[in-house]
Amino acid sequence: MASSLTCAGVVWAFLSFLCAAASCVGFFMPYWLLGSQLEKSVSFGTFRRCSYPVRDESRQTTVMVEQCGRYASFQAIPSAEWRICTVVTGLGCGLLLLVALTALMGCCVSELISRTVGRVAGGIQFLGGLLIGSGCALYPLGWDSEEVRQTCGNLSNQFELGTCHIGWAYYCTGGGAAAAMLVCTWLACFSGKKQKQYPY
């Protein structure tokens, strides 16, 4: 199979895929913020949550349901900041995934990735990483919501965790975006082969 990528381009394609996968997995998993409520562990993502309180009418008490799931609707996400974070981070992950899959196709298809296309792809990766980074920066603004305060010992506020701590998915998402912005964007500049000039 003919490839349209240089050696640096092949490294770029696989690293782009790893960065996109890390960011997408971290974004989808509800382990951005970890805490506890009613002696049960609770975790939050941007649009998902694990363990939530439910009123048990038969026993007239509140019990924790230990399941993970999405919020019932977009408006049910605890804060406006988390809703914005969900959209911005989702767009960024989509861009990283689009470039990564295109780069991997460049390993098998000749004349798909030229030098110009590689540089444009690097620019798209930079934008995707910037969007994800913005989403990660917005996330702590939602820590003052009632749901988070209940989980973090009623001590959390914007940029203050209370008794909670940051989970692995937050680092995974941000790390994938940072690597895409810093390493993949640079490698993309050297990814494409110089196109042949046809005399016609």
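Note: hydrogens, waters and symmetry copies are ignored here, and every other heavy atom, side chains too, is used.
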Starting from Val65, walk the hydrophobic network (Ile, Leu, Val, Met, Phe, Trp, Tyr; side-chain heavy atoms closer than 4.5 Å) and list everyone else you reach, by chain and number.
Tyr52, Val54
So which residues get pulled into Val63's cluster when ILVMFWY side chains under 4.5 Å apart are joined, directly or through others?
none
Over all atoms of both residues, closest heavy-atom pair of Gly122 and Ala188:
CA-CB, 3.5 Å
Pairing residues for Cys68 by the disulfide bond (SG atoms under 2.5 Å apart) criterion, not counting sequence neighbours
Cys50
If hydrophobic residues (ILVMFWY) are linked whenever their side-chain heavy atoms come closer than 4.5 Å, directly or via other members, who joins Leu155 in its cluster?
none
Enumerate the residue pairs fulfilling side chain to side chain donor-acceptor pair (under 3.5 Å) with a member in residues 98-109, sequence neighbours excluded, ordered by first and then second residue.
none
Sequence neighbours left out, what passes disulfide bond (SG atoms under 2.5 Å apart) with Cys152? Give chain and number order.
Cys164
Can you list the residues that meet the salt bridge (Lys or Arg N to Asp or Glu O under 4.0 Å) rule with Glu160, with sequence neighbours excluded?
none
Side chain to side chain donor-acceptor pair (under 3.5 Å) contacts touching residues 9-19 (sequence neighbours left out)
Trp12-Ser16, Trp12-Gln125, Ser16-Gln125
Run the side-chain hydrogen bond (donor to acceptor under 3.5 Å, both in side chains) test against Ser43 and tell me which residues pass, sequence neighbours left out.
none
Mind checking what makes salt bridge (Lys or Arg N to Asp or Glu O under 4.0 Å) contact with Glu147, not counting sequence neighbours?
Arg49
For Arg149, all residues meeting salt bridge (Lys or Arg N to Asp or Glu O under 4.0 Å), sequence neighbours excluded
none
Side chains of Thr46 and Thr86: do they bring a donor and an acceptor to under 3.5 Å?
yes
Does Phe190 share a hydrophobic cluster with Phe17, counting links as ILVMFWY side-chain heavy atoms below 4.5 Å and allowing steps through other members?
yes
With sequence neighbours left out, which residue pairs that include part of residues 62-114 fulfil the ring-ring contact (aromatic ring centres under 6.0 Å, His included) condition?
Phe44-Trp82, Trp82-Tyr139
